[in-house]
Amino acid sequence: HVQLVESGGDSVQAGGSLRVSCVVSGIDVRHYCMGWFRQAPGKEKEGVATINWEETTNYADSAKGRFTISRDNTKNTLYLQMNALKPEDTAMYCCAAGSDWASLATTEYEHWGQGTQVTVS
């Protein structure tokens, strides 16, 4: 049974930082492309950042220079460090696991978590 459980979401002020985590069970994160996605109210879910089995990373333009995706293989956990947060970063952040090389497309991911809310004001 595959499970992805996010945590770390919070309310922060613009310019602040936050790290969200995703604990994964049932699969080995080293063998998948892992991604962070977000969905704001009234908007479609969008890819934020991905890291694959070669540790190649891929970022949406909105995340480049501010967000860093990483994983801890010993904890089977995925992270997203977010700096210089903006109000437009407000969204539900979800992690996902898929088999594509580094896609930011939601359709390439088969396992999803429930999400953690990030609010920036």
Side-chain angles (χ1 to χ4, degrees):
H1 177 61
V2 180
Q3 221 174 0
L4 291 78
V5 180
E6 302 91 338
S7 63
D10 205 348
S11 296
V12 297
Q13 291 191 339
S17 297
L18 198 63
R19 188 179 80 161
V20 292
S21 304
C22 173
V23 177
V24 181
S25 59
I27 58 172
D28 188 332
V29 296
R30 294 174 299 175
H31 301 156
Y32 281 77
C33 182
M34 303 299 299
W36 283 102
F37 297 79
R38 67 185 183 186
Q39 187 167 23
K43 294 188 176 181
E44 291 190 358
K45 189 177 291 183
E46 62 177 1
V48 177
T50 66
I51 182 168
N52 70 5
W53 46 89
E54 296 176 346
E55 298 202 1
T56 298
T57 57
N58 186 23
Y59 293 93
D61 288 344
S62 59
K64 288 177 182 175
R66 299 189 300 128
F67 293 3
T68 303
I69 189 170
S70 63
R71 67 173 194 239
D72 184 332
N73 296 333
T74 64
K75 297 180 179 179
N76 218 35
T77 299
L78 183 72
Y79 302 101
L80 184 68
Q81 176 69 43
M82 301 181 284
N83 299 326
L85 282 162
K86 306 174 182 179
E88 50 263 45
D89 294 319
T90 295
M92 181 72 75
Y93 284 71
C94 300
C95 62
S99 303
D100 188 76
W101 189 72
S103 177
L104 288 168
T106 59
T107 52
E108 299 297 330
Y109 292 80
E110 59 229 55
H111 305 293
W112 290 85
Q114 292 297 309
T116 186
Q117 179 67 38
V118 173
T119 303
V120 185
S121 59

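Below, all heavy atoms of this structure are taken into account, side chains as well, without hydrogens, waters or symmetry copies.
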Across all chains, not counting sequence neighbours, the side-chain contact (heavy atoms from CB on, under 4.5 Å) partners of Thr57 are Ile51, Tyr59, Ile69
Taken in chain and number order and not counting sequence neighbours, the residues that satisfy side-chain contact (heavy atoms from CB on, under 4.5 Å) with Gln13 are none
First locate atom [atom1] of [X], then atom [atom2] of [Y], and finally report the distance between them rounded to the nearest 0.5 Å.
X: Met92; Y: Arg38; atom1: CE; atom2: CZ; result: 13.5 Å
X: Cys22; Y: Tyr93; atom1: SG; atom2: OH; result: 15.0 Å
X: Arg30; Y: Thr74; atom1: CZ; atom2: OG1; result: 10.0 Å
X: Ser70; Y: Leu78; atom1: OG; atom2: CG; result: 7.0 Å
X: Met34; Y: Glu55; atom1: CE; atom2: CD; result: 13.0 Å
X: Asp10; Y: Leu85; atom1: CG; atom2: CG; result: 10.5 Å

Assess whether atom [atom1] of [X] is packed by more than 12 heavy atoms of other residues, nucleotides or ligands within 6.0 Å.
X: Glu44; atom1: CD; answer: no
X: Trp53; atom1: CH2; answer: yes
X: Gln81; atom1: CD; answer: yes

Could you tell me whether a side-chain N or O of [X] sits under 3.5 Å from a main-chain N or O of [Y], the two making a donor and an acceptor?
X: Glu6; Y: Cys95; result: yes
X: Thr119; Y: Thr90; result: no
X: Arg71; Y: Asn52; result: yes
X: Asn58; Y: Ala102; result: yes
X: Trp101; Y: Cys33; result: no

*In sequence, state the C-alpha distance, the side-chain angles, and the governing distance for Lys86 and Asp89, and then conclude on salt bridge (Lys or Arg N to Asp or Glu O under 4.0 Å).*
CA-CA 5 Å; Lys86 306 174 182 179; Asp89 294 319; over 6 Å; no
Is there a path of hydrophobic side-chain contacts, each under 4.5 Å between heavy atoms of I/L/V/M/F/W/Y residues, joining [Y] to [X]?
X: Val2; Y: Val5; answer: no
X: Ile27; Y: Val29; answer: yes
X: Val20; Y: Phe67; answer: yes
X: Leu4; Y: Leu104; answer: no

Could you tell me which non-hydrogen atom of [X] sits nearest to which non-hydrogen atom of [Y], and how far apart they are?
X: Leu80; Y: Ala49; answer: CD1-CB, 4.2 Å
X: Ala84; Y: Ser17; answer: N-OG, 4.3 Å
X: Gln39; Y: Lys43; answer: NE2-O, 3.0 Å
X: Cys94; Y: Gly115; answer: SG-CA, 3.7 Å

Joining Ile, Leu, Val, Met, Phe, Trp and Tyr whenever any side-chain heavy atoms lie under 4.5 Å apart, the cluster holding Trp112 also takes in Phe37, Tyr109
Within a strict 4.5 Å, meaning less than it, do heavy atoms of the Asn76 and Asp28 side chains meet?
yes
